[in-house]
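One-based numbering, in listed order, for ligands and for the atoms of each. For clarity, every value in this text was computed on a predicted model and none was experimentally measured.
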Amino acid sequence: MRALILGALVAASTWLVLRSLRPASGKTGQGAGKDGPGAKVPLVQDPVCHTYIPKDTAVVLRHGGTEHYFCSDRCAEAFRDSG
Ligand SMILES: [Zn+2]
């Protein structure tokens, strides 16, 4: 009697295992692309070293009514000294 019950349990558990092994659906988990932080900040070019820097972190120098953007104070000073 016990052997029959055990047999039934084994058969049931085997059936459950086989059932769970089947692929449920064709889902593919692909992560969505992330935008980097500050991706929308416009880039400005340093006229001295020609590096592109984000406008919000650039050093601004007003010269003759025009704003010039630099990567550092050093480049701003070099631009001012040159003319
Ligand atoms: Zn520079």
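When distances to the Zn ion (ligand 1) are checked against a cut-off of 2.8 Å, Cys71 contributes an N, O or S atom below that limit.
Side-chain heavy atoms closer than 4.5 Å link hydrophobic residues (I, L, V, M, F, W, Y) into clusters, and following such links, possibly through other members, connects Leu61 to Val48. Connection of Phe79 to Tyr69 is not established within any shared hydrophobic cluster, with ILVMFWY side chains joined at heavy-atom distances below 4.5 Å, either directly or through further cluster members.
Taking the Zn ion (ligand 1) as the corner point, the angle from Cys49 atom SG to Cys75 atom SG is about 120° (rounded to 10 degrees).
Residues Arg80 and His63 are not in side-chain contact: their nearest non-hydrogen atoms beyond the backbone lie 4.5 Å or more apart.
Restricting Asp46 to its N/O/S atoms, the shortest distance to the Zn ion (ligand 1) is reached by OD2.
Rounding to the nearest 0.5 angstrom, the gap separating the SG atom in Cys49 from the CZ atom in Arg74 is 10.5 Å.
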